[in-house]
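These numbers come from a predicted model, not from an experiment.
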Amino acid sequence: MGAEADRFGWSVAAITVGAVAVLAVAGPAVGARPAVPLTWLLFVGSSVHVASTVALFSFDDVRRHARARPARYVAAPGALLASTVASWLVLPAHGRALLLFAFFGWQLWHYQKQNLGLASLATSAARMPSLRPVERRCITAAGICGVLALVADPAVLQIVDWRPPALLATPALVLSRVGLGLSVAAATALTARRWATASTTASAAAVYLVSVAFPIPLVLSHAPYAAIGGMTLAHGLQYLLLVAHVVAGPPSRRNAYPLLARHIAVLTLVVAAAGVLSLLSHLHGATHTPGRVLFGGYLAMVMTHFVVDAGLWRLREDFPRRWLTQRIPRLLGVTTG
């Protein structure tokens, strides 16, 4: 149990820090295109990670759960699709810029919710006491600081034309930096206290601290790829690691039935869906009606990923707790035979 918990924790910490470092070092200048290897890496961390949600629906239990809750898994995606496409068609350029900015703000919040889940998983996998409310609030506060940094400097996204007035941007930037600094300092003190009482492990502590510090690139850098690209890549690789654990299942079940053909089929579908998402994502500047419709559909699909994830990974709800306990028991601190 200890070795597996450590592998998971160190994997999360390594891919998070590594992704941020790669984009900080190898990210191109403003207006330049990334090198081909970096382009493919970003494709995996962005489009493939969103499309990999499809892999979760290869399980009968998940499909039954979704059918029993049409409001979240049918009505909400349908409403997002209709409203986003309609908005992208009828809104003027300024309105579309504000909609796109709101989308990215939600995306950053989604990133930090995943970080909170990863920190909780790393702690439970190590069989340590659960994160306390104050520890969870440090991660949440850091996420809010990331959103404030985006408010202060939306130019870092490169595709959002909206710019805040100075009366909004300056306080937002100050609050983001002060708030994140306080969050990191508090998280460090809380981790030191856990360490002193032997209620954490090195790998679990690393995941927790990385989760709190996650928005640092966006708060401190104005370079697009260093500020937002590394976070996007890190989030995507984190998610793919989680999905891989779920799809593989516990060791006791991995050889229970033929898996290779099923995994190949699911992977093929995920990569095909990712290719479509990647193509649609480049239509943000389209002026013709078909292009606007397709890009609105792209935004709706990514937002559907946010909504679906919130339903399938929320452990305080009955189905995610039961299903994930079956698929990743050791990461939830459950003993298996």
Side-chain angles (χ1 to χ4, degrees), residues 8 11-23 27 34 37-59 62 77 80 103-119 121 143 146 157 159 207 210-211 214-215 217-218 224-225 227-248 263-282 284 295 297-314 320 324 327-328 331:
F8 176 75
S11 295
V12 171
I15 63 177
T16 304
V17 174
V20 171
V22 165
L23 267 295
L38 193 57
T39 298
W40 281 105
L41 191 59
L42 288 168
F43 169 72
V44 171
S46 56
S47 298
V48 173
H49 117 257
V50 173
S52 66
T53 300
V54 172
L56 302 179
F57 284 85
S58 66
F59 294 95
V62 174
L80 284 171
F103 162 79
F104 282 112
W106 186 9
Q107 181 170 281
L108 286 179
W109 184 248
H110 170 72
Y111 287 0
Q112 203 64 355
K113 294 293 285 184
Q114 178 170 291
N115 285 326
L116 178 57
L118 286 167
L121 266 183
L157 296 167
I159 63 172
V207 175
V210 164
S211 297
F214 191 78
L218 180 59
Y225 281 90
I228 200 74
M231 295 172 65
T232 300
L233 178 59
H235 170 80
L237 296 180
Q238 290 173 352
Y239 187 78
L240 289 171
L241 178 68
L242 274 175
V243 170
H245 273 83
V246 170
V247 171
H263 286 172
I264 290 175
V266 171
L267 181 61
T268 301
L269 182 59
V270 166
V271 173
V276 173
L277 287 171
S278 181
L279 290 173
L280 297 181
S281 70
H282 292 92
H284 55 86
F295 186 73
Y298 163 78
L299 291 179
M301 284 185 280
V302 178
M303 288 188 282
T304 294
H305 162 72
F306 301 164
V307 171
V308 169
D309 269 11
L312 292 181
W313 297 95
R314 188 174 291 157
L324 292 173
R327 301 302 308 173
I328 49 173
L331 295 186

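Qualifying ring pair (Phe, Tyr, Trp, His ring centres under 6.0 Å) partners for Trp109, counting only residues two or more places apart in sequence or in other chains: none. For Thr53, the side chain to side chain contact (heavy atoms under 4.5 Å, CB included) criterion is met by Phe57, Tyr239, His305, Val308, Asp309, not counting sequence neighbours.
For the pair Phe295 and Ser281, the tightest heavy-atom approach, listed with the atom from each and the gap, is CE1-O, 3.6 Å. The shortest non-hydrogen separation linking Pro215 to Gly146 is CB-CA, 3.9 Å. Heavy atoms only, all atoms of each residue included: Gly311 and Pro320 are closest at O-CG, 3.2 Å. Listed here is the closest heavy atom pair of Val247 and Ala55: CG2-CB, 4.2 Å.
Side chain of Ser278 to main chain of Ala274: no donor-acceptor pair is present (N/O by atom type, distance under 3.5 Å, no hydrogens or angles). Judged by distance alone, the side chain of Gln107 and the main-chain N or O of Met303 form no donor-acceptor pair under 3.5 Å. The backbone N or O of His235 lies less than 3.5 Å from a partner atom in the side chain of Gln114, making a donor-acceptor pair. Of the possible polar contacts, none joining the Arg327 side chain to the His245 backbone as a donor-acceptor pair under 3.5 Å is found. A donor-acceptor distance shorter than 3.5 angstrom exists from the side chain of Ser52 to the backbone of His49, with no hydrogens or angles considered.
The side-chain heavy atoms of Trp313 and Leu56, taken from C-beta on, include a pair separated by under 4.5 Å. Side chains of Val246 and Leu242 form no contact here, defined as non-hydrogen atoms less than 4.5 Å apart. Counting heavy atoms from C-beta outward, Thr232 and Leu23 have side chains that stay 4.5 Å or more apart. Put simply, the side chain of Thr16 reaches to within 4.5 Å of the side chain of Gln238, judged on heavy atoms.
Remark: Met231 CE to Leu108 CG distance equals 5.0 Å, nearest 0.5 Å. Annotation: the span from Leu157 atom CG to Phe103 atom CZ amounts to 10.0 Å, rounded to 0.5 Å. Note that NZ of Lys113 and CG of Leu118 are 12.5 Å apart. Values are rounded to the nearest 0.5 Å. Note that CD1 of Ile159 and CZ of Phe104 are 4.0 Å apart. Values are rounded to the nearest 0.5 Å. Rounding to the nearest 0.5 Å places CD1 of Ile15 at 8.0 Å from CG of Leu240. Here the straight-line distance linking atom CG of Leu233 with atom CG of Leu38 works out to 8.0 Å at 0.5 Å rounding.
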Donor-acceptor contacts under 3.5 Å from residues 39-48 side chains, at least two apart:
from  : atom 1 : to    : atom 2 : distance (Å)
Thr39 : OG1    : Pro34 : O      : 3.4
Thr39 : OG1    : Ala35 : O      : 3.1
Ser46 : OG     : Leu42 : O      : 2.5

